[in-house]
Amino acid sequence: MLARAQGGAVIWGIFVKLAGTETVDLAAAAGFDFVVVDVEHSQLGEHEARRSIRHSAAVGLPAVVRVAGTDPAGVNLFLEAGAAGVQLSGLRSCAQARALVAATRYPPDGLRSVSLAQPAAGYGTRALADHLEASRAAPPLLAGQIESRATDDELTDIARDLDVLFIGPTDLSVDLGLAGALDHPSVARRMMEIASAAAAGGAVLGGWAPTASDARHLLDLGARYIVIASDLQLLGQT
């Protein structure tokens, strides 16, 4: 999935906020490239989120999990369920980005606890050395959401530790005092700054849009990892 975006292809996802595997099935049938299981802004409990992630892996649709923190134990539960990546919201510093890296890498590269009792290790049928090598060769995708008018560190430096630098326009507009005015010039300027930092830092640019047509501005900025709406949002449309 990431290789396609790095190669210039646009990959499309949708936020999953509702429990049950049907949303995942419908996202796969609709042609989405991935889903983002949202444990930041949803009523999904840990068990429900892990079930959606596991089902996504079973049907061959990569699932990224959105989290609000980088607790290694919590992140590891989602990775062991089969999450293809982790998307961290509210990213403001290099320290947060490095903490995300550490939570998703086994020692000596990080802090992730090792267990073979998981699908990626064949539930113990795979040799430990083989499992560790496979994880190092294909680590989880790491996306960081920039949702503020300023960050503690330079955006380019933050981007260097990530695969995707993701624009969170709603929180960004609120932080700018614009309360959801996503088309305001100040929002557009900040989005351009994030896009430039992603390019300079070697990260794929990502972002959210309420509809596919609204994603045009993201495409114009060079975004290749785009999340459209959510299952909950689509249900609310008339």
Side-chain angles (χ1 to χ4, degrees), residues 1-6 9-17 32-42 62-70 75 78 83-94 96-101 103-104 139-176 182 187-212 214-230 233:
M1 178 178 71
L2 178 62
R4 290 175 56 201
Q6 290 171 329
V10 178
I11 56 174
W12 300 85
I14 184 171
F15 278 119
V16 171
K17 297 175 180 285
F32 282 100
D33 299 296
F34 64 101
V35 294
V36 181
V37 177
D38 189 1
V39 295
E40 182 198 15
H41 291 305
S42 77
V64 176
V65 59
R66 179 163 75 168
V67 297
T70 56
V75 169
F78 296 124
V86 182
Q87 186 160 317
L88 176 65
S89 63
L91 182 61
R92 290 175 178 262
S93 70
C94 291
Q96 287 176 296
R98 288 192 292 267
L100 179 61
V101 174
T104 59
L141 177 149
L142 301 183
Q145 293 185 194
I146 305 300
E147 307 174 283
S148 56
R149 68 175 74 191
T151 51
D152 298 340
D153 299 306
E154 292 293 332
L155 278 172
T156 299
D157 294 333
I158 293 172
R160 290 193 177 100
D161 285 317
L162 303 170
D163 300 307
V164 177
L165 201 63
F166 188 92
I167 299 169
T170 303
D171 277 316
L172 175 58
S173 71
V174 173
D175 195 51
L176 288 166
L182 304 186
V187 176
R189 282 194 294 272
R190 182 57 171 162
M191 290 175 66
M192 290 181 65
E193 292 173 0
I194 297 169
S196 296
V204 170
L205 180 65
W208 175 87
T211 67
D214 291 322
R216 174 52 55 188
H217 64 295
L218 291 171
L219 293 169
D220 291 342
L221 287 172
R224 295 294 178 265
Y225 174 104
I226 298 178
V227 180
I228 300 297
S230 71
Q233 184 179 359

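Taking both residues in full, the closest heavy atoms of A150 and R92 are given as O-NH1, 3.7 Å, listed atom of the first, atom of the second, then distance. Of all non-hydrogen atoms in D161 and R98, the two that sit nearest each other are OD2-CG, 3.4 Å. When all heavy atoms of L218 and W208 are compared, the closest pair comes out as CD1-O, 3.7 Å. Pairing each heavy atom of V10 with each of A223, the nearest pair is CG2-O, 4.1 Å. For L165 against I194, the heavy-atom pair with the smallest separation is CD2-O, 3.7 Å. A159 approaches A198 most closely through the heavy-atom pair CB-CA, 4.4 Å.
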(request) List the steps, then state whether side chain to side chain contact (heavy atoms under 4.5 Å, CB included) holds for D163 with Y225. (result) CA-CA 10 Å; D163 300 307; Y225 174 104; over 6 Å; no

(request) Just do the salt bridge (Lys or Arg N to Asp or Glu O under 4.0 Å) check on R66 and D38 with the steps written out, would you? (result) CA-CA 5 Å; R66 179 163 75 168; D38 189 1; 2.7 Å; yes

(request) Decide yes or no on side chain to side chain contact (heavy atoms under 4.5 Å, CB included) for L182 and H217, but give the supporting numbers first. (result) CA-CA 11 Å; L182 304 186; H217 64 295; over 6 Å; no

(message) Run W12 and I228 through side chain to side chain contact (heavy atoms under 4.5 Å, CB included) and show every step you take.
(response) CA-CA 7 Å; W12 300 85; I228 300 297; 3.7 Å; yes

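Taking CD of Q96 as the start and CG of L91 as the end, the distance is 5.0 Å to the nearest 0.5 Å. Distance check: D175 CG to I146 CD1 gives 11.5 Å after rounding to the nearest 0.5 Å. Distance CG/D153 to CZ/R160: 11.5 Å, rounded to 0.5 Å. Interatomic distance, CZ of R216 versus OG1 of T211, reported as 11.5 Å (0.5 Å rounding). Atom-to-atom distance recorded for L141:CG and L2:CG is 5.0 Å, nearest 0.5 angstrom. Here the CG-CG distance, from L221 to L205, works out to 6.5 Å after rounding to the nearest 0.5 Å.
Among E40, H41, Q145, the one residue that satisfies the side-chain hydrogen bond (donor to acceptor under 3.5 Å, both in side chains) test with S89 is E40.
Looking only at side-chain heavy atoms (C-beta outward), V86 and T70 stay at 4.5 Å or farther from each other. Using a 4.5 Å cut-off on side-chain heavy atoms (C-beta onward), R190 and L155 make contact. Residues F166 and L88 fail the side-chain proximity criterion, which asks for heavy atoms closer than 4.5 Å.
Residues meeting the salt bridge (Lys or Arg N to Asp or Glu O under 4.0 Å) test with D171, sequence neighbours left out: none. With sequence neighbours left out, the salt bridge (Lys or Arg N to Asp or Glu O under 4.0 Å) criterion links E147 to no other residue. Listed by chain and number, the residues in a salt bridge (Lys or Arg N to Asp or Glu O under 4.0 Å) with D33 are R4 (sequence neighbours excluded).
When atom types are taken as modelled, the side chain of R224 and the backbone of Q6 share no donor-acceptor pair closer than 3.5 angstrom.
For CD of Q233, the number of neighbouring non-hydrogen atoms (other residues, nucleotides, ligands) closer than 6.0 Å is greater than 12.
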